[in-house]
Protein chains: 2
Amino acid sequence: MRMSGGVEWAVHCCVVLTDVERPVPAATLAKLHDVSMTYLAKQMQALARADLVRSVQGKAGGYVLTRSPDDITVLDVVLAIEGPEPQFVCTEIRQRGPLGTPPEDCRTACPVAKAMLKAEAAWRGALKEVSIGDLVREVDRSSGKDALATIRAWFGGDAA
Amino acid sequence: MRMSGGVEWAVHCCVVLTDVERPVPAATLAKLHDVSMTYLAKQMQALARADLVRSVQGKAGGYVLTRSPDDITVLDVVLAIEGPEPQFVCTEIRQRGPLGTPPEDCRTACPVAKAMLKAEAAWRGALKEVSIGDLVREVDRSSGKDALATIRAWFGGDAA
DNA sequence: CCTAACTCGGATATATGTTGTCCGAGTTCA
DNA sequence: TGAACTCGGACAACATATATCCGAGTTAGG
């Protein structure tokens, strides 16, 4: 049940894409984070499909956020990469086998599934509370405002 | 990031193992739920390693809970099957690449990781709030007390 | 005390999903 | 008009989850 490593990449990409002047290519993002360029491209495609980033093609193309970082939650990013399916799926095991509970006694959801889905809801709720904008402010506070400013300048200048 | 299907099996097994008179073999549990006998055996082994159930060998062997169902949380079962590793692992991506944040500016945890781990803590907390005993009472309430009683009688009698 | 049957336990294949890579379609700028 | 640069989806390699088998150990009964 480990979360895809691409989620971490995608969140960091959204953070550094905040307040960029021009679109940033996937190759530049990959070089910045020192990760596989082709695989990160795959993650960015998923973000584009979820309409979190807008892809611009052509010579000066790249990726830009579609809306304010305060309107993009971490949950949005996680679901875009991992898919919207819940982590727990109830197979109605109680109805199977020789002593399976008859359907008429299954009006309410299986207690096991209820507990699992409640926990998952708590998880999603916590992720929904945090926006990309919150993360940007937190990075500014903990690592200094220069950190992100330097990266933006590097985007604009010669991203060797 | 889908949760292992074996978790659902394991939780249901713990529920039906409540208040059994004699040890119940894995084969009987598999037949009850109409699932792969050999694979369920693997899950029961994991529960035994986590000391949630005690395995009894020999002719009249099987599995029994090691303690009161009120003292076994759903989180215990999930961790026993899925492993104790957290679902999100921070790779310190902020320190990598040409503009990596220097270690002296990383005294505090990465904001991205903090958000993820906080959500995971909420998830674990919710799972810890529910015990196997709670699930037993919930099943008795929703499906009638006969449901589990019939299963226990089937264990004691001829589990064909 | 011995035997025999039944149980669990770990080592072993297969299927599915994640990780990583490649080349073609489309767009923009000169 | 052309050429270079971008994204986008199709294509392999790897890891994990799933499913299975056979041997070690134990117990009940004769």
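Just so we're clear, the structure is a prediction, and the values are computed from it rather than from any experiment. Chain A is the first sequence line, chain B the second, and so forth, proteins listed ahead of strands; every chain is numbered from 1.
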K.L.:
Name the residue closer to the 5' end of DNA chain C, choosing between A/G6 and B/M44 according to the nucleotide with the nearest heavy atom.
P.N.:
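With A/G6 and B/M44 compared, the 5'-side residue is B/M44.
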K.L.:
NA contact type, A/M3, heavy-atom cut-off 4.0 Å: base, sugar-phosphate, or nothing?
P.N.:
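Counting heavy atoms under 4.0 Å across all strands, no contact is made by A/M3.
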K.L.:
Could you tell me how far apart B/Y39 (OH) and C/dA11 (P) are, to the nearest whole angstrom?
P.N.:
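The answer, rounded to whole Å, is 17 Å.
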K.L.:
Categorize B/S4 for me: base, sugar-phosphate, or nothing, with a 4.0 angstrom heavy-atom threshold over every strand shown.
P.N.:
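B/S4: backbone/sugar contact only, no base atoms under 4.0 Å.
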K.L.:
Starting at the 5' end of DNA chain D and moving along, which residue's nearest nucleotide shows up first, B/R2 or A/P25?
P.N.:
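Going by which nucleotide is closer to the 5' end, it is A/P25.
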K.L.:
Heavy atom of residues 49-64 of chain B under 4.0 Å from DNA chain D: which residues?
P.N.:
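The answer is B/Q57, B/G58, B/K59.
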K.L.:
Looking for any heavy atom pair under 4.0 Å, which part of the strands does A/M37 touch: base, sugar-phosphate only, or nothing?
P.N.:
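The answer is nothing, as A/M37 stays clear of every strand by at least 4.0 Å.
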K.L.:
With a non-hydrogen cut-off below 4.0 angstrom, is A/A26 in contact with a base, only sugar-phosphate, or nothing?
P.N.:
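The answer is sugar-phosphate, as A/A26 gets under 4.0 Å only of primed atoms, P, OP1 or OP2.
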K.L.:
Taking a hydrophobic cluster as the set of Ile, Leu, Val, Met, Phe, Trp and Tyr residues connected by side-chain heavy atoms closer than 4.5 Å, whether directly or through intermediates, do B/V35 and B/W154 fall within one such cluster?
P.N.:
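Per the 4.5 Å side-chain linkage, B/V35 and B/W154 are co-clustered.
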K.L.:
Among B/V15, B/V53, B/I72, exactly one meets side-chain contact (heavy atoms from CB on, under 4.5 Å) together with B/V77. Which residue is that?
P.N.:
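So, applying the side-chain contact (heavy atoms from CB on, under 4.5 Å) to B/V77 and each of B/V15, B/V53, B/I72, only B/I72 qualifies.
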K.L.:
Under 4.0 Å, counting only non-hydrogen atoms across every strand here, what does B/S36 touch: a base, just sugar-phosphate, or nothing?
P.N.:
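Sugar-phosphate: the residue B/S36, judged by heavy atoms under 4.0 Å, touches backbone atoms but no base.
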K.L.:
Atom NZ of B/K42 and atom P of C/dA15: how far apart are they, to the nearest Å?
P.N.:
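After rounding, the reported distance stands at 17 Å.
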K.L.:
Would you mind classifying the nucleic acid contact of A/A27 as base, sugar-phosphate or nothing, using non-hydrogen atoms under 4.0 angstrom?
P.N.:
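Nothing, no nucleic acid heavy atom in range.
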K.L.:
Between the side chain of B/E8 and the main-chain N/O of A/C90, is any donor-acceptor distance below 3.5 Å?
P.N.:
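Absent.
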K.L.:
Determine whether A/M116 and B/V74 make a side-chain contact, defined as any pair of heavy atoms from C-beta on separated by less than 4.5 Å.
P.N.:
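A/M116 vs B/V74: side chains touch.
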K.L.:
Are any side-chain N or O atoms of B/E120 and backbone N or O atoms of A/W123, one a donor and one an acceptor, separated by less than 3.5 Å?
P.N.:
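The answer is no, because no donor-acceptor pair under 3.5 Å joins these two groups.
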K.L.:
Would you confirm whether A/T66, through its side chain, and A/D51, through its main-chain N or O, come within 3.5 Å as a donor-acceptor pair?
P.N.:
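Pair found, side chain donor or acceptor close to backbone of A/D51.
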K.L.:
Kindly work out whether a path of hydrophobic side-chain contacts (I/L/V/M/F/W/Y, heavy atoms less than 4.5 Å apart) joins A/V56 to A/Y63.
P.N.:
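Looking at the clustering, A/Y63 is in a separate group from A/V56.
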K.L.:
When you list every nucleotide of DNA chain D with an atom under 4.0 Å from a heavy atom of chain B, which one comes first 5' to 3', and which comes last?
P.N.:
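Contact boundaries, 5' end first: D/dT18 to D/dA28.
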K.L.:
Is there a side-chain contact (heavy atoms from CB on, under 4.5 Å) between A/R2 and B/E85? Walk through the geometry before answering.
P.N.:
CA-CA 8 Å; A/R2 202 175 87 263; B/E85 311 83 35; over 6 Å; no
K.L.:
What about B/V20 and B/L65, same hydrophobic cluster or not, with Ile/Leu/Val/Met/Phe/Trp/Tyr joined at side-chain heavy-atom distances under 4.5 Å?
P.N.:
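Both belong to a single hydrophobic cluster.
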K.L.:
In this structure, how many angstroms lie between the P atom of C/dT21 and the CD atom of A/Q43, rounded?
P.N.:
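Those two atoms, CD and P, are 13 Å apart.
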